[in-house]
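What follows is a short report on a single structure.
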Amino acid sequence: TNIRNVKSSDEIVLVEIDKKSLTQRSWPWSRDLFTDMFNYLEKEAGAKCIVFDNLILYPDSYYEEEDKLFNKSLKSFDTLINSYILLNSANTANVLPEQYSDIFDEKSNIKIIDKRTNKYLPAYKAIINLPKDFLYNSKYFASSIIPEDNDEIVREYMPVVKYKDKIYPSLALSAYSTFTGISTYYLYDGNLCSEEDCSGLNIPVQEKKGRDYIGNNVYGIYNNIRWYKPIDKFNTHKSYSAIDVLLSYYAYKGGKTPKIKKNAFKNKIVILGLNADKDVWERLSETPILKRLADVDVHATAINNMLDNKYYTHVKMSNIFIITAIFCLFLIRGFKSLKNNILFASILSLLYFIFYLYEHFTYVIAPPVSPIIVIFFIPLLKKIFKIITTDKNSELIKRAMGKYMSKDVMRKVVSNLDKLKLGGIRTNVTILFVDIRNFTQISEKLSPQDVSSILNEYFSVIEPIIAKYNGIVNKYMGDG
């Protein structure tokens with residue numbers, strides 16, 4: 001994926017449960033702390049949307065009262081989007097029972113109208129199990145799946161997912177909808193749009209087989225991620241430590257000046273989640289922009305792409321093939337003149353610069369027709385080209401020379417075409433001049449037809465003998 005120094009949007013803010021937060025409060029946190037942060041972000045600071053990228057998979061038996069208060073408080077948050085993940089198999093223990101799965105129709109803030117010509121797409125089989133109180137009290141849910149390529153690098157996002165026979169939104173699309181107020185989307189072959197004519201948000205998507213967050217190969221709907229300039233070690237978007245947000249809420253309640261003022265979140269999309277290493281729970285992904293990017297920032301990047309409505313798209317392979325073929329043709333032909341080589345290199349550099357500008361302004365990704373592969377194949381292509389052109393030239397020479405010399409001499413000439421030059425070469429040869437005795441007197445007495453008959457008979461005897469010993473009949477001369 002091409003990366004440019006594009007600054008991320010100020011409309012998106014991250015609240016990360018980072019090492020600082022975990023040093024001051026050990027993990028797992030009691031869930032009333034999340035309630036306090038939600039209260040500060042939505043009720044006090046006026047955040048327009050809160051994305052909670054943290055899975056609640058079980059009731060908290062250690063902090064039971066806090067857990068009950070947390071679940072009860074969920075009903076009061078109008079902008080909160082909770083997360084879930086889908087599973088590729090229903091034959092596991094930690095799966096949401098079938099009778100609860102239909103509730104996700106009510107928990108989506110989006111309607112997706114499927115207008116694809118081929119609506120068959122293998123679906124996820126199950127939803128990971130969620131506590132019932134958490135499920136029923138939450139207003140919105142969305143998928144938090146972050147797909148990886150086979151090399152475990154994140155380059156794409158799944159803006160929507162298919163579960164059973166329905167299409168559901170990702171955290172990014174759900175947050176974008178809450179932020180913009182757009183609630184209806186149209187899924188076409190190759191596009192996900194906010195308007196039926198795709199005049200608004202237009203996400204170029206691909207239906208293909210990919211790799212999900214736990215290594216399963218699954219079919220899904222993907223779009224390329226357009227990355228932003230890093231601002232620190234783990235993030236490309238503005239971030240705050242969760243413990244600082246929490247302490248700011250307590251300071252505000254106590255009448256003190258909070259460390260993080262409320263206007264830092266006003267009318268913003270706030271994404272709350274873990275940014276921790278393997279000592280707690282790995283929530284960092286390898287990306288082309290950073291070796292370890294917080295997962296909350298991957299979701300933020302997907303939302304940012306939607307706000308910008310700018311995406312990378314793939315160049316058609318047919319176009320790449322034509323360009324590569326022309327490029328290779330010039331390389332294997334080569335130029336003998338230094339001036340022509342410099343001219344060709346200059347033209348090639350100009351074309352690459354033009355292509356860079358095209359990518360820069362149109363967000364196009366060229367498939368990895370690797371220059372390294374081309375370089376390795378150039379010697380082979382040059383050899384093949386030489387064989388083809390040499391054989392072609394040889395055939396032309398054979399046809400031309402076959403009229404004037406023996407096959408043996410012709411073969412020697414053709415096999416040493418590279419040694420041919422003006423002025424010829426010096427070698428030892430035998431020259432034989434042959435005359436027909438009394439030919440003048442004979443030709444005077446006979447008719448032209450009879451003379452021709454005698455000559456043809458003579459030539460039919462002498463020529464095979466000359467050819468047998470690799471000789472050449474240089475010329476036939478008349479009586480003179």
Side-chain angles (χ1 to χ4, degrees), residues 51 53 55 81-92 94-130 135 138 140-150 154-178 182-196 198 201-225 295 298-299 302-303 305-306 311 314:
V51 176
D53 182 26
L55 293 172
I81 303 168
N82 285 305
S83 59
Y84 66 89
I85 56 175
L86 293 161
L87 303 173
N88 202 31
S89 172
N91 299 321
T92 57
N94 199 24
V95 166
L96 188 71
E98 187 76 16
Q99 64 267 30
Y100 296 105
S101 61
D102 290 340
I103 196 174
F104 281 89
D105 289 344
E106 306 168 14
K107 301 294 181 179
S108 173
N109 61 341
I110 290 174
K111 179 182 179 182
I112 300 173
I113 300 172
D114 194 349
K115 287 181 168 288
R116 294 172 298 160
T117 54
N118 182 9
K119 296 182 181 179
Y120 174 77
L121 176 71
Y124 280 97
K125 304 295 191 301
I127 299 173
I128 199 163
N129 196 28
L130 301 170
L135 179 61
S138 296
Y140 300 122
F141 276 97
S143 166
S144 63
I145 294 174
I146 296 177
E148 298 176 341
D149 287 345
N150 289 329
V154 175
R155 297 183 180 90
E156 298 173 310
Y157 194 74
M158 298 175 72
V160 292
V161 293
K162 184 177 181 182
Y163 170 60
K164 293 185 176 179
D165 59 345
K166 295 182 180 178
I167 305 293
Y168 292 94
S170 62
L171 283 177
L173 188 61
S174 187
Y176 175 81
S177 297
T178 301
I182 300 170
S183 59
T184 302
Y185 295 85
Y186 302 87
L187 180 60
Y188 296 98
D189 297 321
N191 300 87
L192 176 64
C193 304
S194 61
E195 303 291 339
E196 195 166 3
C198 290
L201 177 68
N202 187 347
I203 305 175
V205 295
Q206 289 181 302
E207 291 184 27
K208 64 174 190 173
K209 194 172 185 179
R211 186 177 185 272
D212 68 9
Y213 56 98
I214 55 176
N216 292 320
N217 290 320
V218 294
Y219 282 91
I221 299 171
Y222 299 81
N223 70 270
N224 296 305
I225 296 176
D295 282 3
V298 176
H299 293 299
I303 298 168
N305 287 177
M306 294 176 189
Y311 293 90
H314 286 287

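Quantities reported herein were computed from a predicted structural model and do not represent experimental measurements.
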Non-neighbouring partners of [X] that pass salt bridge (Lys or Arg N to Asp or Glu O under 4.0 Å), sequence neighbours left out:
{"X": "Lys208", "result": "Glu156"}
{"X": "Asp189", "result": "none"}
{"X": "Lys125", "result": "none"}
{"X": "Asp165", "result": "none"}

Restricting to side chain to side chain donor-acceptor pair (under 3.5 Å), what partner residues turn up for [X], sequence neighbours left out?
{"X": "Ser143", "answer": "none"}
{"X": "Glu98", "answer": "Lys164"}
{"X": "Asn94", "answer": "none"}
{"X": "Ser138", "answer": "Asn82"}

Under the side chain to side chain contact (heavy atoms under 4.5 Å, CB included) test, residues paired with Ser194 that sit two or more places apart: Ile182, Tyr185, Leu201

Residues that Asn150 engages under side chain to side chain contact (heavy atoms under 4.5 Å, CB included), provided they are two or more places apart: Arg211, Asn217

ring-ring contact (aromatic ring centres under 6.0 Å, His included) partners for Tyr163, two or more places apart: none

Residues in ring-ring contact (aromatic ring centres under 6.0 Å, His included) contact with Tyr157, at least two apart in sequence or another chain: His299

